[in-house]
Amino acid sequence: MGRLSACTPAPPILALLLALSLAEILGVAAQGSWELLLENAGIASMHTALTHYGNVVLLDRTDIGPSQINLTGGVCRDDPNDLTLKVDCTAHSVVFDPADNSVRTLFIQTDTWCSSGQFMADGTLVQTGGDFDGLSKVRTFSPCSSSGSCDWVESTSETLQDGRWYASNQLLPDGTQIVVGGRGVATYEFIPANGAAKVYLPFLSATNDAQTDNLYPFVHLLPDGNLYIFANRDSIVLNYKSNTVVKTFPTIPGEPRNYPSAGSSVMLPLTASDGYSKVEVLVCGGAQYGCFLNSSTFPTASETCGRIAVTDENPSWDMQTMPSPRAMGDMLLLPTGHVLIINGAENGCQGWNNQKNANLKPVIYSPAAATFATQSATTIARVYHSTAILLPDGRVLVAGSNPHQFYELTGEFPTELRIEAFSPDYLNTANDGVRPMIVDAPGEVGYNQSFTVTIAVTNKPSGEVMLAMLSSPFTTHSFSQGLRLVNVEVGMPTDAGNGEYTIVARSPPSSTLAPPSYYMLFAVNEGISGPAVWMKISY
Ligand SMILES: *[C@@H]1O[C@H](CO)[C@@H](O)[C@H](O)[C@H]1NC(C)=O
Ligand SMILES: *[C@@H]1O[C@H](CO)[C@@H](O)[C@H](O)[C@H]1NC(C)=O
Ligand SMILES: *[C@@H]1O[C@H](CO)[C@@H](O)[C@H](O)[C@H]1NC(C)=O
């Protein structure tokens, strides 16, 4: 758009206007902005999750030698099985408070390396598997306010039926969670199991190639209650209750997409405006086949995204080219319904020192226009073992990166202890006139219920104000487990006086659309999001 063809020279003023975006004319940054939140979090976050208290659990692994933050209160970790330190007085998990950019240390005993997780309906984080003594562990973290002292609890009674390293978890409509796959493990199981035995899934064996490109499978809960599962280059719809594959999809063109090739995936926003009838999945990036086996060659990462309408009768991959190649990126959904693609490298794949040329520029994908917009660059490389999550204020927290087996604080890709935030353009103060601030909303709703949200906004809304419910995922290794965005049914805003407007909305009709959990509720007016409030959905 706005490109002039060579044979139709434009008058100078018009040419100038066409060359500048509106934001540039107004003198504001056009491609988001970066800020450093904390110079030293003490750990490199391999796994990151936002609690409904608004603080963020950062989790590394344990058998990595000393971190850069000591446990408090003279506590140490005694572990005769630890490969590196038998007595370790440093922390490998912390909770970060975005309100004042501080951290509090947490105590974790067993090895969480390459583990998985998901929030339960009551807001408890369940965290599963890992390596060594952590392989079969089930851990919980019941979050608390930033003045609290909540900490990890490692279950002594509940264990995984199969030890799992590199699995993916998804919250289910009945409030349990499913744990899918893992290294050398072609099964799924449930937490809590409630007596259900693990189930063999042949699809996971079939997608396990020489470089095990089926790890951290992309699992999305579909509105019909089935699971979309993507591994390597293939995907299925699974009825996990009957263990039947109800649909298979064409192989995605291009590179393998899962760990260690390390592309990423999101399910695009589900929306009431089409009766929640259309479901699309986006898969972006990855690494050339053979990269993991032959890492010294640092092949150029995948430059493509595949988009597929899972609900179509004969779905096919619509391939699109990103502005730059990317492996080890993170994909997340913004309240506006855009997809942020952030972090990663332009060459290589996951593994120790297997990457080159950090991709410093995030990209924002518009599902409506099917276009990509390159964002401003950070100065901090985030390669293997980096994470990104959305905060309730609309910023994106970026943490971690460690392509080394231990903490190495120097070199081209140091163990990264800095925490940054990326602010997409919707946060520009130039947009404050249309920014909807939620001043009242119910803290809890049931399914298919009418509820009222009051917003304050300077300029009278000219049309519908969207209400986006976003889950809080567990993010690790390029995939945000359990991420979903539901745009609920809304009526037109009604003027309530004093710059306030009420919106009558309807909560998601079923738990398959939005499993019971805490969600961030964002109001979005003319493409501009305000900060979220937490809203719990329960039966
Ligand atoms: C951690 O404790 C050790 C031993 O007491 C001390 O030498 C070190 O300086 C402390 N590190 C930090 C980051 O406080
Ligand atoms: C690894 O890369 C080298 C150099 O490009 C190439 O000669 C070799 O065939 C590759 N091996 C594999 C297994 O891909
Ligand atoms: C939701 O409630 C509306 C209005 O009461 C009703 O028409 C509709 O059938 C309900 N939907 C479901 C899925 O129960």
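All values reported here derive from a predicted model rather than from experimental measurement. Whatever order the structure lists them in is the order used to number ligands and atoms, beginning at 1.
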**Student:** Would you indicate whether the side-chain heavy atoms of Pro362 and Trp34 approach each other to under 4.5 Å?
**Tutor:**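 Yes - at least one pair of side-chain heavy atoms lies under 4.5 Å apart.
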
**Student:** In terms of the angle between their ring planes, are Tyr518 and His52 parallel, tilted or perpendicular, with boundaries placed at 30° and 60°?
**Tutor:** parallel

**Student:** Is the gap between the ring centers of Tyr384 and Trp352 under 6.0 Å?
**Tutor:**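 Judged by ring-centre distance (under 6.0 Å), Tyr384 and Trp352 do meet the cut-off.
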
**Student:** A quick test of your reading: do over 12 heavy atoms of other residues, nucleotides or ligands sit less than 6.0 Å from NZ of Lys86?
**Tutor:** yes

**Student:** Could you tell me, atom by atom, which parts of ligand 3 come under 4.0 Å of a heavy atom of Pro509?
**Tutor:**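 So the atoms of ligand 3 that pass are 13 (C).
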
**Student:** Anything under 30° is parallel, anything over 60° is perpendicular, the rest tilted; go ahead and classify Phe230 against Phe218.
**Tutor:**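 Rings of Phe230 and Phe218: parallel, under 30°.
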
**Student:** Write down, by chain and number, every protein residue that brings a non-hydrogen atom to less than 4.0 Å from an atom of ligand 1.
**Tutor:** Gln68, Asn70

**Student:** Residues two or more places apart in sequence or in another chain: which of them pass salt bridge (Lys or Arg N to Asp or Glu O under 4.0 Å) with Arg77?
**Tutor:** Asp79, Asp82, Asp88

**Student:** Is the distance between the ring centroids of Phe479 and His220 under 6.0 Å?
**Tutor:** yes

**Student:** Could you tell me, atom by atom, which parts of ligand 3 come under 4.0 Å of a heavy atom of Asn448?
**Tutor:**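 It comes down to these atoms of ligand 3: 1 (C), 2 (O), 3 (C), 8 (C), 10 (C), 11 (N), 12 (C), 14 (O).
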
